[in-house]
Protein chains: 2
Amino acid sequence: MTQIVDALAALAQETRLKVYRLLVEAGPEGLPAGEIADELELPGATLSFHLAHLARAGLLRGRQKGRYVIYSADFQNMNALVGYLTENCCGGRACAPANPRKGKDHETLSRTRRRA
Amino acid sequence: MTQIVDALAALAQETRLKVYRLLVEAGPEGLPAGEIADELELPGATLSFHLAHLARAGLLRGRQKGRYVIYSADFQNMNALVGYLTENCCGGRACAPANPRKGKDHETLSRTRRRA
DNA sequence: TCCACATTTCCAGAATAGTCGAAATGAAGG
DNA sequence: CCTTCATTTCGACTATTCTGGAAATGTGGA
């Protein structure tokens with residue numbers, strides 16, 4: 001359970017979630033740290049802190065390539081996380097929706113929009 | 001995205017995750033606060049703090065029943081959360097596993113199963 | 001070797017989160 | 001009303017997280 005909590009905590013921060021999403025978009029090839037920093041306009045030290053956090057949680061891996069460090073998402077562990085949530089937190093109800101096709105940016109939580 | 005981060009943050013804490021799981025187990029009828037406190041051996045003030053946190057994040061609802069307050073999981077929003085993760089954080093790969101049938105307690109994150 | 005550059009570590013300050021006893025709130029029932 | 005009991009709010013403290021400048025580390029190229 002500690003692993004689950006760590007993974008959730010890693011994603012539970014705006015900057016880190018952005019970093020992670022960027023790397024998901026980038027796919028298995030990943031991105032060098034500097035490019036992430038550029039894209040998200042983050043100071044090196046700050047980015048490094050968050051990358052380390054995500055990596056500790058098992059959601060990211062970094063490999064050295066020349067003088068760059070290339071980070072890429074660990075889809076296995078994200079898979080496991082979603083699996084855990086589905087099995088333990090959804091009470092058996094249908095959890096992952098049909099997911100017809102990746103529709104670019106999705107909009108946040110529930111459609112309990114109109115009131116409730 | 002703020003909503004997603006809030007929901008993740010709410011679950012990213014051992015005590016709160018336990019509370020939430022307990023309520024998932026309890027199903028839509030939910031549980032009175034006191035019973036949760038008993039079950040998890042938490043001081044009232046501490047539990048109240050965490051329940052409020054989860055409720056603010058939209059993962060819980062509380063309804064008054066006599067002098068009890070009955071809390072229950074909001075499956076819609078958890079659904080939406082899992083949906084978000086599946087669509088935005090899994091790179092299109094299969095994310096929610098087959099989920100053959102709820103197998104009681106599942107065991108944490110990947111063991112880096114030989115590949116995939 | 002020496003320099004340029006990418007990234008990380010170190011540090012310290014500001015902000016936020018978690019804990020829980022004690023007091024306050026609010027409902028039920030005499 | 002007055003008491004009981006479930007729950008929440010208050011308050012105070014400790015611990016952790018986030019941030020980013022400056023220095024350190026490490027790599028490739030001239």
For atom [atom1] of [X] and atom [atom2] of [N], their distance in whole Å:
| X | N | atom1 | atom2 | answer |
| --- | --- | --- | --- | --- |
| A:Phe49 | D:dG21 | CZ | C1' | 16 Å |
| A:Glu35 | C:dT7 | CD | P | 9 Å |
| A:Leu54 | D:dT17 | CG | P | 14 Å |
| A:Leu51 | C:dT8 | CG | C1' | 10 Å |
| A:Arg56 | C:dT9 | CZ | P | 10 Å |
| B:Arg67 | C:dA27 | CZ | P | 12 Å |
| B:Leu47 | C:dC20 | CG | P | 11 Å |
| A:Leu17 | D:dC18 | CG | P | 13 Å |

field: Residue whose closest nucleotide on DNA chain D lies nearer the 5' end, B:Ser48 versus A:Lys65
entry: B:Ser48
message: On DNA chain D, does the nearest nucleotide to A:Gly66 precede the nearest nucleotide to A:Ala45 from the 5' side, or the other way round? Give the residue.
response: A:Ala45
field: Under 3.5 Å: donor-acceptor pair, side chain of A:Arg16, backbone of A:Ala10
entry: yes
So if I take every side-chain heavy atom of [X] and compare against [options], which nucleotide ends up nearest?
| X | options | answer |
| --- | --- | --- |
| A:Pro32 | C:dT7, D:dC18, D:dT19 | C:dT7 |
| A:Gln64 | C:dT7, D:dT7, D:dT27 | D:dT27 |
| A:Pro43 | D:dT7, C:dA27, D:dG20 | D:dG20 |

query: Are A:Arg21 and A:Glu25 within salt-bridge range, i.e. N to O under 4.0 Å?
result: no
- prompt: Where is the tightest heavy-atom contact between B:Tyr71 and B:Ala33, given as atom of each residue plus distance?
  reply: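 That would be CE1-CB, 4.1 Å.
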query: If you look at every heavy atom in A:Ala12 and B:Ala12, which pair is closest and at what distance?
result: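 Heavy-atom minimum between the residues: CB-CB, 4.4 Å.
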field: Neighbour count above 12 (heavy atom, 6.0 Å) for B:Glu41 CD
entry: no
Think [X] has a side-chain N or O under 4.0 angstrom from the OP1 or OP2 of [N]?
| X | N | result |
| --- | --- | --- |
| A:Tyr71 | C:dT8 | yes |
| B:Arg16 | C:dG18 | yes |
| A:Gln13 | C:dT16 | no |
| B:His50 | C:dA17 | no |

message: Once you apply a heavy-atom cut-off of 4.0 Å, does A:Gly34 come out as touching a base, just sugar-phosphate, or nothing?
response: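 Touches sugar-phosphate only.
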